[in-house]
Asks: 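I'd like to ask you about the structure that follows.
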Amino acid sequence: MNNSIPRVPRPANEPILGFAPGSPEKAALKAELARIRETKWDIPLYIGGKEIRTGRTAPLIRPDAKGEVLGQYHLAGEAEVQMAISAAKAAKAEWEAQPWEERAAVFLRMAELVTGKYRMALDAACMLGQSKTPYQAEIDAVCEVADFFRFNPVYMEEIYSNQPESGKAEWNRLAFRPLDGFVYAVTPFNFTSIAANLATAPAMMGNTVVWKPASSSILSNWILVKIYEEAGLPPGVINFVPGPGSIITKGVLASPDFAGLHFTGSTAVFQSLWRQIAEGLSRYKSYPRIVGETGGKDFIFADPSADVDALLVACLRGSMEYQGQKCSAASRLYVPKSLAPSFLPRLAAEMGKIPQGEITDFRNFMGAVIDEAAFDGIAAYLERAKKSPKAKILAGGGCDKSKGFYIQPTLIQAEDPHYETMEEELFGPVLTAYVYDDSDMDAAYSLVDSTSPYALTGAVWARDRRAITRGLAALRNAAGNLYVNDKPTGAVVGKQPFGGARASGTNDKAGSMLNLLRWASAGAIKENLAPPVAWSYPHMGEA
Ligand code: NAD
């Protein structure tokens, strides 16, 4: 027993390596890419600290070179889901009884493994498995993962420090218990950091977790599992269960001990999970916590006073990095009539210069989209746009899946502000621009606010300060994360807590105390230091 009130080390965001020509990190990453490609991966489930190979497997395919199979991973079925639930339940008592600083230390150790020993492995696995360029892999699989592991313990300390007042001769305390049961984490393919955070944030707060990763990010996610083990996370605290979402969900939601869902992915899947939970409500010991971050239709709104040179860069980076597969990626652009004739042709010309190809060639700015289903879905939008009188393709529009799932960076101009690519989430490298009439700014803001059911991110571009004030007020409910004169992507843990409202999610802000609070159930304890010894009251002395 150390009899102290510990303070978590105050973190800084992990610096991003650049992989410039001739740099030592570039040589190290190239070597690691080769090592990972030479390895025949056979990735098991990981339940109760044990590797489980079911013999039912699926291949690990490189999206940008689809002929290259990196290996295989094993799929869970009903029996393994039950094993994972049992393992999570069995590990709970000991894990939640650990002093919180001992739990925090496990995650701080993980951050060092992520940024040290496993840095290149995470970068290379994220590049090969998820088709990210070196920079995109580094900001995700290394920097943001480490930031979650270093900042969340600080938020945990803040939560636990939050205590009520005490009156005379009493001591009031708040206990922040983990939820009464286990947490189900369902993670998306597009951010390794989200896969890390959704399972570890509840675990840090003393919960145990059944984690269903996305089928197209298994390689980087498996490296996380090995890091958790090496950092000393006890068996059963996080159970890694890849496999068909519907089967795993059915088993998990049937358990009375299901206590919370930590989800990131598409709006449709989240809504279907919420409905299933609602139907099972009478089964559960407590009302499950539901936290979900979902789709977006993120905007860039250019005021006539916008700095067009910087706006151009924001449009390109904000919409095309990681092939537009960020939930925060700009996918609708509003340009005033006064700027459009000069701005849109420039934007189209620059888009045409973007180098795209295999991510192992560091000169590329873009790789492929994640898989064939994603490719086919986006290609269908492009085909319809080519034929529609309401849309004009200004750049790109081509696609090719012969070697990998490549969609050209595409700029569409929509004549109708409600054209489908202005409203629906494509999750690909497609930016649709609409030219608005700047003689009626109120109508323009109202259009941005009401066009899409989502409210995740957005950016207002203006040099005129009055326009910024007006834009921020008019669009305050149109995004959970608003940017001024910046691209709408790239939120950083500890700096821009992330999450959207409306159809984009429950807005429980990953990378902040708000998210961690959802994984605790407060218990109030009142201790009377001088309990009364008489039961009558003074007014009872006379009539
Ligand atoms: P997805 O919804 O297809 O999949 C997310 C997860 O749900 C995966 O693990 C998947 O296997 C699982 N799943 C799918 N069907 C299921 C079912 N019936 N039952 C249980 N689980 C099921 O999403 P994705 O393609 O992996 O990710 C892209 C989506 O995620 C986009 O819509 C994007 O906007 C969103 N996203 C949102 C945020 C955010 O913070 N708001 C961040 C990243 C991604």
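As a basis for the values below, the full set of heavy atoms in this structure was taken, side chains included, without hydrogen atoms, waters or symmetry mates. Note that ligands are numbered from 1 as they come in the structure, with each ligand's atoms numbered from 1 the same way.
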Asks: Please collect all side-chain hydrogen bond (donor to acceptor under 3.5 Å, both in side chains) contacts where either partner lies in residues 489-499, sequence neighbours excluded, each pair once.
Replies: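 Qualifying pairs, neighbours excluded: N13-K495, K487-T489.
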
Asks: Could you name each residue pair satisfying salt bridge (charged side-chain N to carboxylate O under 4.0 Å, His left out) that touches residues 253-275, not counting sequence neighbours?
Replies: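 Qualifying pairs: K89-D257, D257-K285.
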
Asks: Say whether, by atom type as modelled, one donor and one acceptor occur between the side chain of Q408 and the main chain of G398 under 3.5 angstrom.
Replies: yes

Asks: Partners of Y381 by ring pair (Phe, Tyr, Trp, His ring centres under 6.0 Å), sequence neighbours excluded?
Replies: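 Residues passing ring pair (Phe, Tyr, Trp, His ring centres under 6.0 Å) with Y381: none at all.
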
Asks: Compare all side-chain heavy atoms of M110 with those of L233 and state whether any distance is below 4.5 angstrom.
Replies: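 Yes; the side chains approach each other to less than 4.5 Å.
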
Asks: In order of chain and number, which residues sit within 4.0 Å of ligand 1 by heavy atom?
Replies: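 The 4.0 Å shell around ligand 1 contains V186, T187, P188, F189, N190, I194, K212, P213, A214, G245, S246, T249, F263, T264, G265, S266, V269, L273, E293, T294, G295, G296, C327, E425, F427, L456, F498.
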
Asks: Is D376 salt-bridged to K401, cutoff N-O under 4.0 Å?
Replies: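 A salt bridge is present here (some side-chain N lies under 4.0 Å from a carboxylate O).
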
